[in-house]
Chemist: 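Dropping a structure here in structure tokens format, bear with me for questions.
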Protein chains: 2
Amino acid sequence: MPSSKSPLAAPEIEALISLLGKVPGLGPRSARRAALQLLKKKDALMLPLAAALQDAAHKIKACANCGMLDANDPCTLCTAPARDDALICVVADVGDVWALERAAAYSGRYHVLGGVLAALDGVRPEDLRIAKLIERASQPGVREIILALSATVDGQTTAHYLTERLSTLGVAVTRLAHGVPVGGELELLDDGTLFTALASRRPS
Amino acid sequence: MPSSKSPLAAPEIEALISLLGKVPGLGPRSARRAALQLLKKKDALMLPLAAALQDAAHKIKACANCGMLDANDPCTLCTAPARDDALICVVADVGDVWALERAAAYSGRYHVLGGVLAALDGVRPEDLRIAKLIERASQPGVREIILALSATVDGQTTAHYLTERLSTLGVAVTRLAHGVPVGGELELLDDGTLFTALASRRPS
């Protein structure tokens with residue numbers, strides 16, 4: 001396999017390729033192709049992208065309340081008057097909020113942890129926005145904390161830990177249901193999902 | 001499948017995601033993930049990337065002689081004193097020059113066509129840098145034009161067209177050899193490659 005270095009490209013192009021290669025989803029090879037395409041579309045894509053990166057970098061910050069990324073702090077979701085203050089949905093990341101909002105199945109508030117507990121990666125409770133969650137969950141009017149964490153070992157470890165921490169506050173703590181994904185073929189599902197779906201069966 | 005739109009993300013983030021999604025190699029979903037990661041690494045990646053895009057967009061231009069992208073015009077490859085002026089290697093794109101330079105098997109000059117002839121996509125001879133190639137090939141001292149074009153229908157059509165156009169100039173016109181790729185498993189090769197490799201067999 002040839003090396004991804006090309007010492008004869010202009011330093012400006014090499015610098016661009018090296019940074020593009022660090023963008024998740026682009027490796028060294030696709031970064032090279034992306035750089036070329038960008039240079040071919042300077043006015044249509046390259047300069048607008050540079051401006052959008054700068055604009056977002058300067059304006060977007062984490063909401064001090066829920067951890068969501070937004071141009072406002074507190075964020076649009078925390079200040080939306082139509083949302084239910086009694087519910088707080090706890091997620092690992094900003095992308096999870098986007099996914100839930102796309103599903104349009106929830107209209108309470110959110111709390112972004114900023115990750116999940118991961119002993120092997122050295123992510124401890126104090127690395128996540130857990131203290132702020134306890135503070136929010138302790139406020140009067142909060143009725144239920146919904147733990148919307150991934151069905152992975154780390155996600156469920158985090159859910160277990162949070163359930164313990166929140167248990168003394170007098171709020172209900174719930175988790176997302178596990179089961180057969182909508183549109184999922186039964187014969188393609190893993191054993192764990194099938195087992196859980198069967199154990200959690202409901203009257204039809 | 002959920003829509004890739006998330007109307008509740010900040011407009012600055014939506015604008016960024018939309019532009020990132022147009023970068024080759026990133027689709028709408030990976031653009032969303034990339035935007036999030038960039039926002040998490042503002043100083044380490046996001047702002048440097050914005051600066052690199054702007055820097056390259058302003059400094060890099062196509063060499064008027066060979067079509068290569070470089071900060072200098074004529075470019076570094078056209079002005080390098082150690083390269084052989086008697087050889088001109090014709091490629092479709094800048095990325096092909098990089099690939100040949102990585103292989104370090106060639107030390108003549110290059111000529112970047114800016115694509116290949118493609119009747120279906122409406123790419124005609126006048127859309128490529130063919131006039132400049134004829135001009136360069138007509139200069140005294142030029143001995144051989146090497147057509148290093150892809151072994152695709154369009155690539156070989158272009159090679160055929162260029163061979164005709166160059167035939168009256170008194171320079172040798174050659175093409176890259178076809179055959180078994182180095183490291184290629186024989187049983188995994190397509191029939192066309194095997195046929196060509198067999199027809200072009202050499203004394204061992």
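Every chain is numbered from 1, with letters handed out A, B, ... down the list of sequences. From a predicted model like this one, the values you see are computed outputs, not experimental measurements.
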Chemist: Contact part of B/L38 toward chain A, heavy-atom cut-off under 4.5 Å: side chain, backbone, both or neither?
Modeler: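 Contact with chain A involves the side chain of B/L38 alone.
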Chemist: Using heavy-atom distances under 4.5 Å, tell me whether A/L49 contacts chain B through its side chain, its backbone, both, or neither.
Modeler: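 When you check distances to chain B, atoms from both the backbone and side chain of A/L49 fall under 4.5 Å.
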Chemist: In sequence, state the C-alpha distance, the side-chain angles, and the governing distance for B/H111 and B/V91, and then conclude on side chain to side chain contact (heavy atoms under 4.5 Å, CB included).
Modeler: CA-CA 6 Å; B/H111 192 83; B/V91 296; over 6 Å; no
Chemist: Could you tell me which portion of B/L47 (side chain, backbone, both or neither) has an atom closer than 4.5 angstrom to a non-hydrogen atom of chain A?
Modeler: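 Side chain only.
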Chemist: In plain terms, say whether B/D85 and B/R109 are close enough for a salt bridge, that is, a side-chain N and a carboxylate O under 4.0 Å apart.
Modeler: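 A salt bridge is present here (some side-chain N lies under 4.0 Å from a carboxylate O).
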Chemist: Hey, which of B/A52, B/A44, B/A31, B/A50 has the most heavy atom pairs under 4.5 Å with chain A?
Modeler: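 Heavy-atom pairs under 4.5 Å are most numerous for B/A50.
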Chemist: Determine the option with the most heavy-atom pairs under 4.5 angstrom with chain B, choosing from A/L45, A/V97, A/V23.
Modeler: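 With the most close heavy-atom pairs to chain B, the winner is A/L45.
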Chemist: Taking every non-hydrogen pair under 4.5 Å, which of B/H58, B/K61, B/Q54 racks up the most with chain A?
Modeler: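 Result: the option with the highest number of such pairs is B/Q54.
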Chemist: With sequence neighbours excluded, what pairs up with A/Y161 under the ring-ring contact (aromatic ring centres under 6.0 Å, His included) test?
Modeler: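 A/Y161: no ring-ring contact (aromatic ring centres under 6.0 Å, His included) contacts found.
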Chemist: Please name all residues satisfying salt bridge (Lys or Arg N to Asp or Glu O under 4.0 Å) with A/D55, sequence neighbours left out, ordered by chain then number.
Modeler: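 Here the qualifying residues are A/K59.
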Chemist: I need the residue from B/V182, B/D93, B/V94, B/I13 with the largest number of non-hydrogen atom pairs under 4.5 Å to chain A.
Modeler: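 Highest number of pairs under 4.5 Å: B/I13.
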Chemist: When only pairs under 4.5 Å are counted, which of A/A104, A/A51, A/A57 shares the most heavy-atom pairs with chain B?
Modeler: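 Heavy-atom pairs under 4.5 Å are most numerous for A/A57.
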Chemist: Heavy-atom pairs under 4.5 Å with chain A are the metric here; pick the option from B/L53, B/N72, B/L39 that has the most.
Modeler: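 Maximum pair count with chain A is reached by B/L53.
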Chemist: Are more than 12 heavy atoms from other residues, nucleotides or ligands located less than 6.0 Å from atom CG of B/D191?
Modeler: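 Counting other residues, nucleotides and ligands, CG of B/D191 stays at 12 neighbours or fewer.
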Chemist: Does either side chain, that of A/T157 or that of A/D154, offer a donor lying less than 3.5 Å from an acceptor on the other one?
Modeler: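 A/T157 vs A/D154: no donor-acceptor pair found between side chains.
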Chemist: Check whether A/L69 gets within reach of chain B through its side chain, its backbone, both or neither, counting any heavy atom under 4.5 Å.
Modeler: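 Answer is both: backbone and side chain atoms of A/L69 are under 4.5 Å from chain B.
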Chemist: Less than 4.0 angstrom from a charged side-chain N to a carboxylate O is my criterion; do B/R83 and B/E101 meet it?
Modeler: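 Yes.
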